[in-house]
Amino acid sequence: MDKMKIIGGKKLNGEVSAGGAKNAALPILFSTLLADGEHVFTNVPDLRDIKSAMLLLDSFGCETHFANNTLKVKVNKIKTIEAHYDLVRKMRASILCLGPLLARHKKAKVSLPGGCAIGSRPINYHLDALTLLKTEHRIESGYVVAETTGLVGDRVIFDMPSVGATENIMMAASLAKGVTIIENAAKEPEIVDLADYLIKMGANIEGAGTSIIKITGVDSLSPAEHSIIPDRIEAGTLLIAGAITGGSVKVNNCDPTHIEALIAKMRESGFNIEAGADFVSVTETSNWKAIDVTTAPHPAFPTDLQAQYMVLMTQAEGSSIVTETIFENRFMHVQELLRMGAELSPKTRVCIVRGKKGGLNGAPVMATDLRASASLVLAGLVAEGETVVNRIYHLDRGYEKLEDKLSNLGASIQRIE
Ligand code: UD1
């Protein structure tokens with residue numbers, strides 16, 4: 001199993017580019033099931049999760065081809081409507097094939113994803129909303145078995161703005177009869193990117209990016225071409241990498257409007273951040289203040305940057321409070337950071353961070369989930385001595401060649417196979 005070895009203490013300097021957004025690419029890949037023919041996507045990141053999505057599409061009988069960050073999906077006659085446990089358990093986002101399969105084939109059998117390191121992650125919003133759209137489902141041997149005589153639009157109100165549920169329903173409703181209104185919809189940029197692709201395919205969608213989305217069903221959709229938006233979480237992670245080492249780093253190919261909450265917190269903390277149309281940069285800062293953060297749905301501070309921000313705060317002047325409101329168990333990195341000497345007091349959803357410049361020591365640590373892995377790499381960049389991050393297959397799910405990007409900026413980081 002690959003590990004990442006980091007020798008801390010190197011200032012990062014220079015320019016780096018963010019890749020395409022994993023969380024935009026995944027739903028868009030599953031949306032291909034809505035239209036036969038060849039779909040072409042550029043700026044697709046080369047990641048394990050993308051490979052998992054390709055395997056799932058292949059298992060349905062689609063033909064996928066990936067080279068140089070371009071992914072082609074040819075959708076033919078479907079072989080099966082079953083998403084097998086072995087594929088779904090590797091990537092929870094596989095549940096996003098449920099809406100498209102039902103819309104197109106009127107039935108679907110999709111493995112329940114099960115729990116994961118960051119919380120229970122139920123799919124009740126997806127299922128309740130599909131029921132409103134005239135689907136019947138039952139749970140059988142760990143699978144959701146769903147059927148419809150034809151989806152019919154309705155008014156769906158989510159208890160909480162769920163990204164995945166908004167995406168699943170937006171895809172299903174695109175081919176449903178009549179109008180679907182999603183209220184309390186998620187507003188993440190990835191929702192907007194999916195809507196943009198669905199609209200290119202011929203869907204009628206208004207309001208994506210706001211809390212009310214109106215989808216008027218159409219009879220059929222056709223494949224199209226699309227460039228995936230940049231990954232805001234990768235961009236934010238790279239920005240923090242530059243900041244935490246006291247370096248000057250410019251992240252190109254990103255959209256700073258997608259990480260305004262992070263930029264605002266970092267500016268408040270004392271960093272000099274410049275944001276242009278497609279870049280964001282941080283300039284050398286030696287002292288920064290502790291600033292509290294609370295994660296919440298977009299446009300508030302993203303849960304996917306919470307672990308990385310916490311590491312930044314371990315080096316700040318003073319104490320800060322990090323509050324996680326999205327997932328109930330998203331402090332898995334805390335135990336590992338404690339082993340590196342961080343002063344953290346975790347409670348259920350709140351963690352007090354006592355900042356101390358240079359307070360981290362290198363240690364062997366264990367990655368537990370995708371974003372926790374990234375935070376451990378960041379900690380390794382400023383820790384004294386050697387940090388070895390184990391189980392970095394988590395990192396490979398969501399960061400393309402992170403070690404190359406960081407070493408090009410001057411980090412001492414190496415993958416050990
Ligand atoms: C997506 C992202 C993930 C990010 C998360 C929150 C992808 C592939 N993943 O995950 O990186 O951390 O958004 O920004 O895009 N919930 C329910 N019932 C449901 C659905 C959700 O209770 O049916 C709860 C979840 O447990 C969680 C909250 O709603 O507490 C938000 O989850 P959701 O937005 O659905 O996250 P994902 O789409 O799974």
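We count ligands from 1, going down the list as the structure has it; atoms in each ligand are counted the same way.
- Comparing D304, I233, I191 against atom 12 (O) of ligand 1, the shortest heavy-atom distance belongs to D304.
- By the 4.0 Å heavy-atom criterion, M160 is counted among the residues contacting ligand 1.
- When each of D49, D46, D369 is checked for a salt bridge (charged side-chain N to carboxylate O under 4.0 Å, His left out) with R397, only D49 meets the rule.
- Using a 3.5 Å distance cut-off with no hydrogens or angles, the side chains of T237 and Q308 do pair a donor with an acceptor.
- For the pairing with V350, the side chain to side chain contact (heavy atoms under 4.5 Å, CB included) check across T325, V322, T323 returns one residue only, T323.
- Near N124, the atoms of ligand 1 lying under 4.0 angstrom from a non-hydrogen atom of the residue are 17 (C), 18 (N), 19 (C), 22 (O), 23 (O).
- Of all atoms in ligand 1, listed by their number and element, those nearer than 4.0 Å to a heavy atom of I123 are 19 (C), 23 (O).
- Ranked by closest heavy atom to atom 33 (P) of ligand 1, the top entry among N168, V163, I95 is V163.
- Polar contact with ligand 1: absent for K22 (N/O pair, distance under 3.5 Å).
- For ligand 1, the atoms lying closer than 4.0 Å to a non-hydrogen atom of N23 are 2 (C), 3 (C), 7 (C), 8 (C), 9 (N), 11 (O), 15 (O).
- Ligand 1 places these atoms under 4.0 Å from at least one heavy atom of R330: 12 (O).
- There is no side-chain donor-acceptor pair under 3.5 Å between H39 and E225.
- Under the 3.5 Å distance criterion, with hydrogens and angles disregarded, no donor-acceptor pair is assigned to the side chains of R48 and Y399.
- The shortest heavy-atom distance from Q306 to ligand 1 is not under 4.0 Å.
- Between the side chains of S17 and N252, no donor-acceptor pair is found at a separation under 3.5 Å.
- Proximity of E324 to ligand 1, defined as any heavy-atom pair under 4.0 Å, is not found for any part of the residue.
- When the options A21, P122, G164, A129 are ranked by their closest heavy atom to atom 22 (O) of ligand 1, first place goes to P122.
- Looking only at side-chain heavy atoms (C-beta outward), M310 and L344 come within less than 4.5 Å of each other.
- Taking the ring centroids of Y143 and Y85, they lie at or beyond the 6.0 Å cut-off.
- At under 3.5 Å, not a single nitrogen or oxygen of T303, backbone or side chain, sits near a nitrogen or oxygen of ligand 1.
- With ligand atoms numbered from 1 in the order given, ligand 1 contributes 23 (O) to contacts under 4.0 Å with heavy atoms of H126.
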Next item on the list: Kindly determine whether K356 and E343 satisfy salt bridge (charged side-chain N to carboxylate O under 4.0 Å, His left out), including the steps that lead there.
Entry: CA-CA 8 Å; K356 192 167 93 189; E343 290 192 29; 3.6 Å; yes

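- The distance criterion of under 3.5 Å between nitrogen or oxygen atoms is met by I326 with respect to ligand 1.
- In this pair, Y197 and F41 present their aromatic rings perpendicular. The plane angle is above 60°, beyond the 30 to 60° band.
- Using a 4.0 Å cut-off between heavy atoms, R92 makes no contact with ligand 1 at all.
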